[in-house]
Amino acid sequence: MKISASIFSAFIAGTITASAFVAPRVQAPVAFTRSSDVTVKASSALSSGNMSDELDIPCDDECAVGSYANLPPSVHPGVVSGQAQVDLLEHAKANGYAIPAVNCVSSSGINACLEAARQNDAPVIIQFSSGGSQFYAGKDLDNSNYSAAIAGAISGAFHVRTMAEQYGVPVILHTDHCSKKLLPWIDGLVAASERYYEKHGEPLFSSHMIDLSEEPIEENIEICKSYLERMSKIGILLEMELGITGGEEDGVDNTDVPLEDLYSKPEEIYQVYEALMPISPMFTVAAAFGNVHGVYSPGNVKLEPEILSRAQDYISDKLGDKAPADRKPVMFVFHGGSGSDISDIRKSLGYGVIKMNIDTDTQWSYWEGIKNFETKHHDYLQTQIGNPDGADKPNKKYYDPRECMRAGELQTVARLGQSFGDLKCQGILGLGEKKKAQNAFGPRMGGLPM
């Protein structure tokens, strides 16, 4: 099936009227297993999609790689979901690395993430917030019933699916914090994945986060159970939050929450595990251990990653003989990774963290690239004509938006390289060093060397 413009428009339109707790159209459950877990009963399996074939896009070299030398055979270039996603995350936990998860608000930001992933020979997680999704659609669009946020996230998802294969890297396509009031946004995206699954045998998105950490824990768990039942049927993983991440991000301000709410208890994490595991192993837990969104002065944030270790031990003791051999039954997510101390990051890797969110640092890096570009070429950016080389000299090649955007991308790629290194997520795929791009428009075509 070819995805025409009319089909794509109808696809989006069919999702923006979704409301909370809509029953899924897909009936057949799918089996997913963790390396040490009991198999969940199922009647079908997911196939890996190929956007290059779908759209007749040339797919050569790394794009055409069926699997990777260093990863489970189910993991392939492009967006991974279902068992391939579980296998990738289990590989991360077993090998002591975590995958960077980067919030993106534009195709430029997405491309920077893909470029960084290939340079580091590693998988990456690309994620959208509700506000970022709305921005992707365009701020002038009406967002009643979250229609713009739904459409923007779907548009971004198709961009990721199309380009991830071209870069030859596996990508987990995720959405970030979704509070109770934002559940209609997630309902629209799950509905989109259900429609996509009907035609392609896999969901549009890999995973969604539901953040009900401000609700009573019983309500948090019950709603997450409902969504896991729905999402796991088509191979979507659920990330749930337990305990509050401090600071401010995307319009959510938790700067004044009580200190004790920033730290989860092992008993609470076990309560989540006990409720979700019988439904499906396709879930991760963003447990709080002092995490804060944003970057703060040293000493203002006190992380206690040992909370995760105590939780793993507590749950393993509860499981007894059924505990996994590594005594790490839970896959944890590290929120508020920007500005975190490397020692805390490395400790968390040993306690089962397989994903770390990065937003503030990449926001700054993109801006820093643009800022440095303006500083370097300031005298060529004040008028359309006239610069230090002459009063009649044109400045088009300087104010072409591609130039400052590319500067932002390059600075972000460099910053993400640090994150990949901090998380020990380098050389994972086994592809080796990337070959230099050919036929890339450069200085001789009017572009500026960065």
Side-chain angles (χ1 to χ4, degrees), residues 28-46 71-75 81-99 172 206-207 209-210 217-218 220-243 263-289 305-334 347-355:
V30 183
F32 303 101
T33 63
R34 292 188 186 175
S35 58
S36 55
D37 292 326
V38 179
T39 303
V40 180
K41 291 184 179 179
S43 61
S44 64
L46 294 181
L71 289 174
S74 61
V75 182
S81 59
Q83 190 64 52
Q85 179 179 200
V86 173
D87 290 346
L88 176 58
L89 296 178
E90 280 290 321
H91 185 271
K93 183 157 71 77
N95 290 274
Y97 68 90
I99 305 173
I172 292 175
S206 308
S207 57
M209 179 190 184
I210 295 179
I217 186 170
E218 293 78 13
N220 185 350
I221 291 174
E222 284 304 310
I223 293 177
C224 284
K225 284 172 62 177
S226 298
Y227 276 92
L228 183 59
E229 288 171 354
R230 179 182 180 184
M231 289 159 50
S232 62
K233 290 177 180 177
I234 57 172
I236 300 177
L237 180 142
L238 168 71
E239 177 185 324
M240 70 90 64
E241 178 152 348
L242 192 62
Y263 301 93
S264 299
K265 300 176 180 62
E267 296 84 359
E268 295 172 334
I269 299 172
Y270 176 61
Q271 192 175 347
V272 170
Y273 182 90
E274 193 176 32
L276 298 185
M277 184 57 76
I279 299 171
S280 171
M282 291 201 65
F283 68 91
T284 59
V285 180
F289 54 97
E306 292 80 9
I307 286 175
L308 306 182
S309 178
R310 291 196 291 271
Q312 299 282 30
D313 289 340
Y314 182 87
I315 297 172
S316 294
D317 290 342
K318 288 288 187 180
L319 294 175
D321 294 340
K322 296 181 180 179
D326 64 0
R327 291 181 61 82
K328 297 175 189 175
V330 181
M331 292 191 290
F332 283 120
V333 175
F334 188 148
K347 284 179 185 177
S348 74
L349 300 182
Y351 303 149
V353 165
I354 45 78
K355 170 182 183 271

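At a threshold of 4.0 Å, the pair Lys318-Glu274 does not count as salt-bridged, since none of the basic side-chain nitrogens sits closer than that to a carboxylate oxygen.
Here the two rings, on Phe332 and Phe289, have centers that are 6.0 Å apart or farther.
The CE atom of Met277 sits 4.0 Å away from atom CZ of Phe283, with the distance rounded to the nearest 0.5 Å. Once rounded to the nearest 0.5 Å, the distance linking CD1 of Ile172 with CG of Leu88 reads 5.0 Å. Separating the CD1 atom in Ile217 from the CD atom in Glu267 is a distance of 10.0 Å, to the nearest 0.5 Å. In this structure, CG in Leu276 is found 10.0 Å from OG1 in Thr284, a value given to the nearest 0.5 Å. Note that the CD atom of Gln312 and the CG atom of Leu308 stand 7.5 Å from one another [nearest 0.5 Å]. Atom NZ in Lys328 sits 8.5 Å away from atom OG in Ser309 (nearest 0.5 Å).
A donor-acceptor contact shorter than 3.5 Å is absent between the side chain of Ser264 and the backbone of Ala287. No side-chain donor-acceptor contact under 3.5 Å links Lys355 to the backbone of Phe334. Between the side chain of Asn220 and the backbone N or O of Glu241 there is at least one donor-acceptor pair closer than 3.5 Å.
Listed here is the closest heavy atom pair of Ser206 and Gln85: O-NE2, 3.0 Å. Counting all heavy atoms, side chain and backbone alike, Leu71 lies closest to Val75 at CD1-CG1, 3.9 Å. Closest non-hydrogen pair, Ser280 versus Leu228, comes out as O-CD2, 3.8 Å. The two residues Ile236 and Met282 come nearest to each other via the heavy atoms C-CE, 3.9 Å. The heavy-atom pair separating Ser74 from Ala84 by the smallest distance is O-CB, 3.3 Å. What you find for Pro266 and Ala311 is that their closest heavy atoms are CB-CA, 3.9 Å.
Asp313 meets the side-chain hydrogen bond (donor to acceptor under 3.5 Å, both in side chains) test with no other residue; sequence neighbours excluded.
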Show, in sequence, the C-alpha distance, side-chain angles and deciding distance for Leu319 and Tyr273, and conclude whether the side-chain contact (heavy atoms from CB on, under 4.5 Å) test is met. CA-CA 11 Å; Leu319 294 175; Tyr273 182 90; 3.7 Å; yes

Step by step, work out the side-chain contact (heavy atoms from CB on, under 4.5 Å) result for Ile315 and Val330. CA-CA 9 Å; Ile315 297 172; Val330 181; 3.5 Å; yes

Let me see the working for Ser232 and Leu238 under side-chain contact (heavy atoms from CB on, under 4.5 Å), right down to the final yes or no. CA-CA 8 Å; Ser232 62; Leu238 168 71; over 6 Å; no

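Contact annotation: the side chain of Leu89 approaches that of Leu237 to within less than 4.5 Å [non-hydrogen atoms, C-beta and beyond]. A heavy-atom distance below 4.5 Å is not found between the side chains of Val272 and Tyr270. The closest side-chain heavy-atom distance from Met209 to Met240 is not below 4.5 Å. For the pair Glu222/Glu218, no side-chain contact is recorded, criterion being any heavy-atom separation below 4.5 Å from C-beta on. Between Ile307 and Tyr263, the closest side-chain pair of non-hydrogen atoms falls below 4.5 Å. Residues His91 and Ile354 have side chains not in contact (no heavy-atom distance under 4.5 Å, counting atoms from C-beta outward). Residues Ile221 and Gln271 have side chains in contact (heavy-atom distance under 4.5 Å, counting atoms from C-beta outward).
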